[in-house]
Amino acid sequence: MTDKISFELDGRQVEAGPGESIWQVAKRMGTEIPHLCYSPEPGYRADGNCRACMVEIEGERVLAASCQRKPAIGMKVKTATERAEKARKMVIELLVADQPARATSHDPDSKFWHWADRVEVSESRFPAAPRWIGDASHPAMRVNLDACIQCGLCLRGCREVQVNDVIGMAYRNHDAKIVFDFDDPMGESTCVACGECVQACPTGALMPAALLDEHQTRVVYADKKVDSLCPFCGVGCQVTYQVKDEQIIYAEGRDGPANQNRLCVKGRFGFDYIHHPHRLTKPLIRLPNAKKDANDQVDPANPFTHFREASWDEALDVAAQGLVKIRDEKGVRALAGFGSAKGSNEEAYLFQKLVRTGFGSNNVDHCTRLCHASSVAALMEGLNSGAVSAPFSAALEAEVIIVIGANPTINHPVAATFIKNAAKNGAKLIIMDPRRQTLSRHAYKHLAFKPGSDVAMLNAMLNTIITEGLTDEQYVAGYTEGFEELKARIVDFTPEKMAPICGIPAETLREVARLYAKAKSSIIFWGMGISQHIHGTDNSRCLIALALVTGQIGRPGTGLHPLRGQNNVQGASDAGLIPMFLPDYQPVGRTDLREPFEHLWHKSLDPERGLTVVEIMNAIHAGEITGMYIEGENPAMSDPDLQHARAAFAKLDHLVVQDLFVTETAFHADVILPASAFAEKLGTFTNTDRRVQIARPVVAPPGDARQDLWIIQEIAKRMGLDWSYPGPAEVFDEMASLMPSLANITWERVEREGAVTYPVDSADAPGNEIIFTTGFPTESGRGRIVPANVVPPDELPDDEYPMVLSTGRLLEHWHTGSMTRRANVLDTLEPEAVAFLSPKDLRRLNLWPGDFIKLETRRGAIEIKARSDRDVPENMVFMPFCYAEAAANLLTNPALDPFGKIPEFKFCAVKVTRAEAREAAE
């Protein structure tokens, strides 16, 4: 029996697949039918309200909307009869009547005018309706309701695809119109600027402001379009960039496997940082009289103070000679390098190879140390793999979804849309976080546990699952080890005992545990709220244990997914930017694993693990490390206890920084090398789903800026290494020969397919999105369950510092802000540093939103504006870490998780007072 439906289309027999509409079959067969209210992109349902796609069906009295009508066996459909074509032409003519004249229309090359041309309608006989007034209140988008045909695509995109629920239809009859919230101006509404409505609009009623001329009235058309990727978070959205005169003017989503045409505000409107006037275009060398001081700050008006321009030869010579001098005089461990999770896989691989073969040690690390190091430590310990077990789109197949210690609508907005889609489709969403968030309103339960009490809450769930017999006994027996130890240890962690510690009622803990264990498919997503604690590894161990004891892993809709923060943190980790691992997480201490690298690299490698990010800072203060090479990272903003970190950089004998701008880190450099931005390079990147994707150059680097791959090689040559890689393809080939995870993935295949998910079973097989289906890559083939004890945060509130400080990101800004603070739309939307407090705390402290407050911890103090936020619990301050003028990490605690060596960014004691002097000055 077949699911195919045979019917006749324009006189020929065709077959429709399950759920296909007449329009979809016609499109597949090469017949184009006009359509305005229908978008074939994934996630959009057909509405059939514009009637531009009408077709004639034999035996039926009325025409049918082909976008909605499903074929039936024996049906005879005609798309080009005189009746159907006249009806479609009349629809277009009626709509033309209410449009601005094409010569003065907002987008004369829109989808609407395309179809008007196709049906040969340029004017209308019918009177025009009153024009709506335009809305230019939003910095990224323009609202031109005089061009709106009320097709509903923007509404469906906002409500059903992105699930933001901002756009609606209001009023009646001829007054009916699209509105934002309660008919607010777009710029004053709750719009998060994802731009889905702009991408969907067929007429120019909603348009990106960047595509309009200087008068904001007419469209500026691109010279070329280039397919590439988004440079921001780990979701890995595929993007098409529009370019005019070597300037990116717009970004729109592509139908990539990770984003299915969707983007967020950063991906769609955050592209112009590469054109910022402070972009580095020449190598810089520090002036002889420009002394380093940890207290000095970058001058925002003139960041190039203290430096002079130099030729590439001079700058590279000075950079490399300084590193060689330290290596030869003080030893190989006197040097260290920080690579970048924003660069390509090939750049990460070459950078760690340079440190290991040119510097001579394993003192190489990158930002994973500051985000998911503890998650990776627990995953490697338990599963011998640091990768996610299923993509975030697996949420669509889950019955229960747990999101813990993560705020996906802020940090991974496109991934969050799939979670929201799943919740709308009936999945039970459980949010576990001290702060509430946008996802909370879609949740079945929000567990607002006490900060730092993750293990108590999760152990209570494990206690319930084990004592109530909700484990998957067959799975536990066949695929795990360590269960009996967990069973014995978990006895003391009853929900009644843990409830006072975590602040969640015992019955709620039991209910959530039962939901997770009993569901046919449950999946866990987590973020840095889990990992950035001194007990971050224990937090992750608990999540792994939950999945293993219930068998909720290795099947569709199940799994463990630590959401990756930067666009290539997965790939950079895979490629070896980790001090204790060679590429593919192969321990540096294993002789058998080092030998293939030593053979191919023609160098003996250091068998001792290197130092991590924070350990390197301590080693600088101890005088053990005196030289560094930092590529594309900004630890003078991202490290905890920044004064300590900045003092370390000021103390270095020699610091080389390779970046796009004079960042807070580059400000302390002896040599600054102008690098290539994401949109200027060719290379592969690996997203949070383990998808290896290719990024293509969209524009050329400005001035004399160079490709990072070239710069790293030039430093290597000057340090005595005989390297000659013509391009990233040759580097990828070398990586693939040493990394089992890249087996059956070639550069040519990634170029051809655009995205390949590892692991891949054969050269012609698709990648495996779900892994651990038949066991784990451990020696025994079993997943190891590791119990965890309740450990308090390193620094608890007291009488002097009575509140808790937690840090994180804003939707509009990313990481340390070195890119997004230089993107016009993003910085316009969130231009100033703020700290978020609950309304009750503001009242208690006699403060108002907008007042300047002073935040003090045992490490420092900053002054910043207060913002009221009902999602923040009492006795907590939440602060983004992207603002250099009020750097959150001047306050944070550098105490480390003993396993992952990650700092405790998410918890430290803080005192809040009114900033009297600042307010007086204002």
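Remember, it's a predicted structure, so these values are computed and weren't measured experimentally. Sequence positions, counted from 1, serve as the residue numbers for this chain.
The backbone N or O of G529 sits less than 3.5 Å from a side-chain atom of H533, completing a donor-acceptor pair. Judged by distance alone, with hydrogens and angles left aside, the side-chain atoms of H366 form no donor-acceptor pair with the main-chain N or O of A341 at under 3.5 Å. Side-chain atoms of R696 never come within 3.5 Å of backbone atoms of V226 as a donor-acceptor pair (strictly under, hydrogens ignored). Under the 3.5 Å distance criterion, the side-chain polar atoms of R327 are matched with a main-chain donor or acceptor of G358. Within the 3.5 Å criterion, the main-chain N or O of A677 finds a donor-acceptor partner in the side chain of E680. Formation of a donor-acceptor pair under 3.5 Å by the T663 side chain with backbone atoms of D659 is not found in this model. For T778 (side chain) and R782 (main-chain N/O), a donor-acceptor pair under 3.5 Å exists by modelled atom type. At least one donor-acceptor pair closer than 3.5 Å links the side chain of N744 to the backbone N or O of D761. Side-chain atoms of H654 come within 3.5 Å of backbone N or O of A319 as a donor-acceptor pair. Of the possible donor and acceptor atoms, none in the side chain of H535 sits under 3.5 Å from a partner among the backbone N and O of A788.
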- Steps toward side chain to side chain contact (heavy atoms under 4.5 Å, CB included) verdict (M628, I620): CA-CA 10 Å; M628 283 196 72; I620 296 171; 3.9 Å; yes
- Message: What verdict does the ring-ring contact (aromatic ring centres under 6.0 Å, His included) test give for F351 and F338, after you've listed the backbone C-alpha separation in whole Å, the side-chain angles of each residue and the deciding distance to 0.1 Å?
- Response: CA-CA 9 Å; F351 190 87; F338 288 165; 9.0 Å; no
- Task: For side chain to side chain contact (heavy atoms under 4.5 Å, CB included), just list the numbers for F483 and I785, CA-CA rounded to whole Å, side-chain angles, deciding distance to a tenth of an Å, and then say yes or no.
- Result: CA-CA 6 Å; F483 176 73; I785 299 169; 4.1 Å; yes
- Message: Using the rule given for side chain to side chain contact (heavy atoms under 4.5 Å, CB included), can you reason through I553 versus Y479, listing the C-alpha separation, both sets of side-chain angles and the distance that settles it, and then say yes or no?
- Response: CA-CA 11 Å; I553 192 168; Y479 293 103; over 6 Å; no
- Message: Between N634 and T665, is the side chain to side chain donor-acceptor pair (under 3.5 Å) condition met? List the steps.
- Response: CA-CA 5 Å; N634 191 14; T665 302; 2.7 Å; yes
- May I have the step-by-step check of side chain to side chain contact (heavy atoms under 4.5 Å, CB included) for V569 and C367, ending in yes or no? CA-CA 7 Å; V569 74; C367 75; 4.0 Å; yes
- List the steps, then state whether side chain to side chain donor-acceptor pair (under 3.5 Å) holds for D708 with Q658. CA-CA 8 Å; D708 292 79; Q658 181 174 319; 3.0 Å; yes
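Among R594, R356, R333, the one residue that satisfies the side-chain hydrogen bond (donor to acceptor under 3.5 Å, both in side chains) test with D606 is R333.
Side-chain contact check for V760 versus L742: every heavy-atom pair is 4.5 Å or farther apart. Side-chain contact between V388 and I771: absent, with no pair of heavy atoms (C-beta onward) separated by less than 4.5 Å. Between Q586 and L738 the shortest side-chain heavy-atom distance does not fall below 4.5 Å. Contact of the L229 side chain with the V239 side chain is not registered, since no non-hydrogen atoms from C-beta on lie closer than 4.5 Å. With contacts defined as side-chain heavy-atom distances shorter than 4.5 Å, the pair L673/L316 qualifies. At a threshold of 4.5 Å between non-hydrogen side-chain atoms, the residues T757 and N768 do not count as touching. Considering only heavy atoms from C-beta on, V786 stays 4.5 Å or farther from D538 through its side chain. Two residues are said to be in side-chain contact when any heavy atoms from C-beta on lie closer than 4.5 Å; N362 and R609 fail this criterion.
The aromatic rings of F418 and F392 lie tilted to each other, with the angle between the two planes from 30° to 60°. Using cut-offs of 30° and 60° on the angle between ring planes, the pair F232 and W814 is perpendicular. Under the 30°/60° scheme for interplanar angles, the aromatic rings of F685 and F678 are found to be tilted. Between Y585 and F581, the angle of the ring planes goes over 60°, which puts this pair in the perpendicular group of the 30/60° scheme.
Between the side chains of Y725 and E346, no donor-acceptor pair of N or O atoms lies under 3.5 Å. For the residue pair D574 and Y758, a side-chain donor N or O sits within less than 3.5 Å of a side-chain acceptor on the partner. When only modelled atom types and interatomic distance are considered, Q566 and H815 share a side-chain donor-acceptor pair under 3.5 Å. In this structure, a donor-acceptor pair under 3.5 Å is present between the side chains of H561 and T688. The closest side-chain donor-acceptor pair between D584 and S741 falls under 3.5 angstrom. Side chains of S521 and Q552: no donor on one and acceptor on the other come within 3.5 Å. When only modelled atom types and interatomic distance are considered, D365 and T612 share no side-chain donor-acceptor pair under 3.5 Å. Checking D897 against T537 by side-chain atom types alone, a donor-acceptor pair falls below 3.5 Å. Inspection of the Q238 and D255 side chains reveals no N or O donor paired with an N or O acceptor under 3.5 Å. No side-chain donor from either of N567 and N687 sits under 3.5 Å from a side-chain acceptor of the other.
Across every non-hydrogen atom of Q532 and C371, the tightest pair is NE2-CA, 3.9 Å. Taking both residues in full, the closest heavy atoms of R369 and P903 are given as O-CD, 3.8 Å, listed atom of the first, atom of the second, then distance. In terms of heavy-atom proximity, P408 sits nearest to L563 at CG-CD1, 4.2 Å. Nearest heavy atom pair, residue A716 against residue W723, reads CB-CE3, 3.4 Å. Scanning both residues, C230 and G267, for their nearest heavy atoms gives SG-CA, 3.7 Å. Shortest non-hydrogen contact noted between V588 and P579 is CG1-O, 4.2 Å.
The distance from atom CG of L396 to atom CD1 of I523, rounded to the nearest 0.5 Å, is 10.0 Å. The CG atom of D454 lies 8.5 Å from the SG atom of C542; values are rounded to the nearest 0.5 Å. In this structure, CD in E381 is found 11.5 Å from OG in S374, a value given to the nearest 0.5 Å. Here the straight-line distance linking atom CG of L350 with atom CD1 of I715 works out to 13.0 Å at 0.5 Å rounding.
Residues R690 and E769 are not paired through a salt bridge, judged by the lack of any N-O separation under 4.0 Å between the basic side chain and the carboxylate. Here R254 pairs with D227 in a salt bridge; the nearest charged N to carboxylate O distance falls below 4.0 Å. Look at R555 and E397 and you find no salt bridge, because none of the NZ, NE, NH1 or NH2 atoms lies under 4.0 Å from a carboxylate O. Taking 4.0 Å as the cut-off between side-chain N and carboxylate O, K330 and E624 do not count as a salt-bridged pair. Salt bridge E714/R718: present, at least one basic N to carboxylate O contact under 4.0 Å. Between D722 and K717, none of the side-chain N atoms (NZ, or NE/NH1/NH2) sits under 4.0 Å from a carboxylate O, so this pair counts as no salt bridge.
Taking D472 as the reference, nothing meets the side-chain hydrogen bond (donor to acceptor under 3.5 Å, both in side chains) condition, with sequence neighbours excluded.
Atom CG of D592 sits in a crowded spot, with more than 12 heavy atoms from other residues, nucleotides or ligands closer than 6.0 Å.
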